[in-house]
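Just the heavy atoms: all of them, side chains too, but no hydrogens, waters or symmetry mates, feed the values below.
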Amino acid sequence: SSASTSVLITIVTGVVPSILFPVLTQRKYSPTWVRDTNRFAIETALDAASAARRDIRWAYQWRAYSITDGDERSDPGLDLSDTARTTTAGDNSLVLGFYSGVLAAGATYAFELTVSGGAAPAVGEIV
């Protein structure tokens with residue numbers, strides 16, 4: 001008896017950016033606060049070589065998921081493009097910041113960033 005597996009590898013010519021996610025310190029965030037300095041934000045960056053490319057116009061798109069038991073993902077009902085009520089910078093920036101009261105206490109979220117504009121999109125996620 002033998003088992004086999006295969007992997008499809010696609011070679012892409014051109015620039016594919018690397019997304020850098022900072023380490024989020026393990027601290028407790030209150031779902032509501034009164035000072036803007038206490039906002040919860042995920043601040044990402046591109047690798048230095050990609051960020052230095054002036055001939056490529058990078059595009060960013062964030063998505064949000066709720067994580068429930070068994071790692072099931074669902075739509076949390078967050079409109080990340082709503083800069084009036086949900087996010088401070090929208091869903092098309094390297095920074096994803098939330099207004100007070102948007103994220104639910106005790107909930108687990110996954111935030112996914114897709115960067116396009118180079119030879120192939122790059123996708124990164126933080127849970």
Nearest heavy-atom pair of Ser50 and Ser18: which atoms, and what distance? OG-N, 4.2 Å
Between the OG atom in Ser81 and the CG atom in Asn92, the distance rounded to the nearest 0.5 Å is 8.5 Å
Cluster check Leu20, Ile126: I/L/V/M/F/W/Y, side chain < 4.5 angstrom: no
Between Thr44 and Leu94 (side chain of the first, backbone of the second, donor and acceptor by atom type, cut-off under 3.5 Å), is there such a pair? yes
Answer yes if the ring centres of Tyr109 and Phe98 are under 6.0 angstrom apart, and no otherwise. no
Are any side-chain N or O atoms of Trp58 and backbone N or O atoms of Leu46, one a donor and one an acceptor, separated by less than 3.5 Å? no
Between Ala64 and Pro76 the two heavy atoms that sit nearest each other are O-CD, 3.3 Å
In this structure, OG of Ser116 is separated from CZ of Arg57 (nearest 0.5 Å) by 10.5 Å
Taking all non-hydrogen atoms of both residues, which atom of Glu43 and which atom of Val95 are closest, and how far apart? CG-CG1, 3.9 Å
Leu80 to Arg63 - nearest heavy-atom pair and separation: CD1-C, 3.8 Å
Step by step, would you call Thr87 with Trp62 a side chain to side chain contact (heavy atoms under 4.5 Å, CB included)? CA-CA 11 Å; Thr87 58; Trp62 285 97; over 6 Å; no
Results of side chain to side chain donor-acceptor pair (under 3.5 Å) for Tyr60 - residues two or more places apart only: none
Which atom of Val102 lies closest to which atom of Arg85, heavy atoms considered: CG2-O, 3.4 Å
Would you compute the distance between atom CD1 of Ile67 and atom CD of Glu72 and round it to the nearest 0.5 angstrom? 9.5 Å
So which atom in Ile19 and which in Ala122 form the shortest heavy-atom distance, rounded to 0.1 Å? CD1-O, 3.7 Å
Supply the atom-to-atom distance Leu103 CG to Thr108 OG1, rounded to the nearest 0.5 angstrom. 11.0 Å
For Gly90, is there any backbone N or O sitting under 3.5 Å from a side-chain donor or acceptor partner on Thr83? no
Under 4.5 Å between side-chain heavy atoms, hopping through other hydrophobics if needed: is there a path connecting Leu113 to Tyr65? no
